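Keep in mind that what you see is a predicted model, and the values were worked out from it rather than measured.
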Amino acid sequence: MEKPSRLLLLSELRVRNLAYDVSLCRSLLSWKRLVPSPVYHPFRPSGSRSVPVSEIICVREEEEEKSSRGKSDGSWRKIKEGEGKDCGQAFTVLYVQRCQQHRWRCAEITFTCPSDAVCQRWVSSIREQLASLASRPKHLLVYINPYGGKKQGKRIYEQKVAALFDQAGIVTQVIVTEHANHARDHLRTETELKRFDGVVCVGGDGMFSEIIHGLIWRMQIDAGVDPNSPDESLSPSSLRIGIIPAGSTDCICFATVGTNDPVTSALHIIVGDSQPMDVCSVHHNNTFLRYSVSLLGYGFYGDVLTDSERKRWMGPARYDFSGVKMFLSHHYYEGAVSYLPAKGIIGTPRDAFRCRSGCVVCHHNGLLLSEKAEQCEMEDASDCESDGEWRTIRGKFLAINAASMSCACPRSPKGLSPAAHLADGTTDLILVRKCSRFNFLRHLIRHTSKDDQFDLTFVEVHRVRRFRFTPRQCQSDSDLELDRQENKHQIFSQICRDHPACGCAPAYSSWNCDGEILSHSAIDVRVHCQLIKLFARGIEEPTVFQELNHPCAI
């Protein structure tokens with residue numbers, strides 16, 4: 001049996017008329033300049049470089065272009081299909097180049113070979129290594145939202161992504177959505193999932209939400225699991241999901257890749273990265289409401305979303321306007337929060353360890369929860385849950401937030417919960433009790449600062465596996481829904497409802513579930529560990545991006 005590091009090829013090739021020792025093993029392609037330049041160039045990189053085979057996009061053959069005098073000018077062009085392959089004595093390798101701020105770019109380097117036979121041997125060997133990478137997708141289902149964000153989804157895909165997929169040999173089926181929930185309904189009923197290696201959405205967080213709702217629901221129906229039961233353990237999805245950001249916020253993409261760049265996301269899909277991700281199921285009275293992967297917010301964030309929905313004509317500025325309005329209104333809400341603490345895991349909401357690529361916290365806690373799940377399958381699931389000792393907190397809250405990830409975005413680089421993890425089977429439950437406007441402003445400002453987010457007396461945070469919320473001043477959610485409908489078209493409601501100084505604060509708020517408003521206030525939320533997988537690898541540490549040798553300078 002061959003070792004992964006065994007040398008497959010070693011040749012002396014030329015790059016821009018300079019001689020290089022080029023080697024290929026199962027995991028690495030390397031080239032090193034044979035005769036270094038006698039003149040010192042402070043801005044020229046060293047003459048050696050290595051690229052992981054897993055980050056090679058493709059390899060193509062080239063043929064030399066002849067000048068009008070019949071002499072070679074040293075330039076090469078790509079061999080088109082149908083042309084003779086024996087004329088090529090050079091090949092070009094396209095690979096991932098890391099740039100600043102977690103961006104990836106497609107770089108290339110052309111090697112000139114001494115003969116056609118050597119060239120063919122190199123091309124065949126590299127292609128064999130790429131074909132052996134089982135994690136790479138070959139068939140993708142692509143959904144494009146032409147209306148999301150600045151309505152640039154179709155243009156972004158055609159101009160920045162389609163050519164990269166074609167170069168990598170990925171076959172795609174593209175569907176341009178025509179209405180809301182088109183992708184969700186198509187995945188639920190019409191798609192033959194076995195034909196594809198993954199699903200790609202071109203759009204914002206709303207488009208991603210459509211994809212997971214369609215895909216997760218389809219997986220439960222196929223597995224015979226009742227999605228309406230909050231006590232059911234959901235069946236994980238076998239298909240990975242790719243996100244090409246083309247929305248207004250793209251919070252999910254930013255938290256899993258580190259940047260909202262379409263080319264970077266496309267390259268993560270091509271190389272076949274895989275990042276597991278937790279999903280929260282939200283129920284009301286044993287009825288499924290929605291899935292959540294980022295933020296569940298009641299109080300402040302729910303009010304901001306509800307108010308901004310009435311001002312969609314303002315565009316993205318509506319969020320700032322509604323945020324200021326809700327901050328000045330300063331509404332608080334009474335209720336009871338019951339939660340099941342996450343015990344036996346490593347990591348806390350206030351530690352300094354951030355979720356990064358290859359996160360040990362996600363790996364450890366994921367294994368721990370899977371072992372507990374196997375034990376609960378042999379026992380009664382309700383008995384396993386009752387052993388967790390539910391805890392209840394009652395009071396008046398300005399905000400109740402559950403962050404299943406950091407919820408970082410360009411506006412808030414640290415997010416609502418900087419230490420939250422993508423795949424540890426927990427969510428960070430953040431309770432902001434009633435306080436003064438000044439103190440609440442201190443809490444909001446810390447989302448963009450380096451201070452401890454939760455080092456305030458009126459803020460508490462718990463890492464939980466499940467929680468429930470019941471508003472105090474309502475008999476049932478049907479009464480709340482009726483009240484909403486009655487006041488929906490009133491332009492001038494009672495002044496005291498918008499001015500808490502009189503003591504007549506609103507009795508209820510709305511839940512903001514990943515940018516969508518829930519129809520019920522009393523909810524039951526459960527975290528499902530690593531339910532889906534994305535074409536991503538998490539945010540890489542900054543040291544990974546410190547390239548000693550810039551490939552374009554060779």
Side-chain angles (χ1 to χ4, degrees), residues 1-15 20-33 45-62 78 88 90-99 102-113 118-140 164-171 197-198 240 242 257 263-275 357-358 533 535-538 540-541 543-552 554:
M1 185 175 179
E2 294 179 337
K3 295 182 180 180
S5 59
R6 178 179 175 180
L7 188 64
L8 301 177
L9 278 178
L10 176 62
S11 302
E12 181 180 330
L13 308 178
R14 304 188 71 82
V15 179
Y20 280 79
D21 248 345
V22 186
S23 61
L24 174 68
C25 64
R26 293 190 179 276
S27 60
L28 211 61
L29 173 67
S30 306
W31 57 94
K32 181 179 180 180
R33 192 180 304 164
S46 61
S48 61
R49 180 167 176 78
S50 298
V51 174
V53 171
S54 61
E55 295 183 2
I56 294 177
I57 300 169
C58 67
V59 59
R60 67 168 184 251
E61 297 176 71
E62 309 282 352
K78 180 181 176 181
F91 64 94
T92 298
V93 176
L94 283 72
Y95 60 95
V96 171
Q97 171 196 334
R98 286 172 170 80
C99 304
H102 305 285
R103 290 174 178 261
W104 284 11
R105 285 294 176 265
C106 180
E108 61 179 54
I109 184 170
T110 300
F111 296 98
T112 305
C113 304
V118 174
C119 181
Q120 290 294 321
R121 193 181 308 122
W122 271 96
V123 171
S124 299
S125 297
I126 295 177
R127 286 177 177 170
E128 286 177 4
Q129 298 309 307
L130 295 181
S132 66
L133 299 175
S135 62
R136 292 202 170 192
K138 296 179 176 60
H139 298 84
L140 293 175
L164 290 173
F165 284 171
D166 184 61
Q167 287 177 331
I170 298 177
V171 179
D197 302 313
R240 285 170 290 176
V257 177
V263 174
T264 302
S265 296
L267 294 176
H268 278 284
I269 295 171
I270 290 172
V271 302
D273 281 337
S274 182
Q275 170 63 52
S357 180
K533 292 183 179 179
F535 283 109
R537 63 174 61 178
E540 293 181 306
E541 293 291 349
T543 53
V544 177
F545 290 87
Q546 295 176 359
E547 298 284 343
L548 299 178
N549 303 318
H550 198 285
C552 296
I554 296 181

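D197 places a side-chain N or O within donor-acceptor distance of the main-chain N or O of K138, the cut-off being under 3.5 Å. A distance-only check finds a donor-acceptor pair linking the side chain of R136 to the backbone of S54 [under 3.5 Å]. R60 contributes no side-chain N or O that, together with a main-chain N or O of Q167, makes up a donor-acceptor pair within less than 3.5 Å.
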- Given the rule in the side-chain contact (heavy atoms from CB on, under 4.5 Å) test, do T110 and F91 qualify, once you have shown the distances and angles that lead to the verdict? CA-CA 6 Å; T110 300; F91 64 94; over 6 Å; no
- From CA spacing to verdict: side-chain contact (heavy atoms from CB on, under 4.5 Å), R105, V263: CA-CA 7 Å; R105 285 294 176 265; V263 174; 3.7 Å; yes
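Atom CG of L130 sits about 11.0 Å away from atom OG of S125, to the nearest 0.5 Å. Taking SG of C58 as the reference point, atom CD of E108 lies at 9.0 Å (rounded to 0.5 Å). Considering CG of L28 and CG of L8, their distance stands at 11.0 Å, rounded to 0.5 Å. To the nearest 0.5 Å, atom OG of residue S48 and atom CG of residue D21 are 11.5 Å apart. Atom-to-atom distance recorded for C113:SG and E62:CD is 11.0 Å, nearest 0.5 angstrom. Remark: H268 NE2 to D273 CG distance equals 6.0 Å, nearest 0.5 Å.
Closest approach of C106 to L267, counting heavy atoms only: N-CD1, 4.0 Å. Nearest approach of I170 to L140, heavy atoms of both residues: CG2-CD1, 3.7 Å. When every heavy atom of W122 is checked against every heavy atom of S11, the shortest pair comes out as NE1-OG, 2.9 Å. G538 and Q275 make their closest contact through N-OE1, 3.5 Å (heavy atoms, listed as atom of the first residue, atom of the second, distance).
No side-chain heavy atom of R49 sits under 4.5 Å from any side-chain heavy atom of I109. Annotation: side chain of R127 is in contact with side chain of V59 (closest heavy-atom distance under 4.5 Å). Between W31 and L13, the closest side-chain pair of non-hydrogen atoms is not below 4.5 Å. Between Q129 and L29 there is no side-chain heavy-atom pair separated by less than 4.5 Å. Put simply, the side chain of R98 reaches to within 4.5 Å of the side chain of W104, judged on heavy atoms. At a threshold of 4.5 Å between non-hydrogen side-chain atoms, the residues V22 and L24 do not count as touching. The shortest side-chain heavy-atom distance between R240 and F535 falls under the 4.5 Å cut-off. Under the 4.5 Å side-chain criterion, counting only non-hydrogen atoms from C-beta, S23 is in contact with L7.
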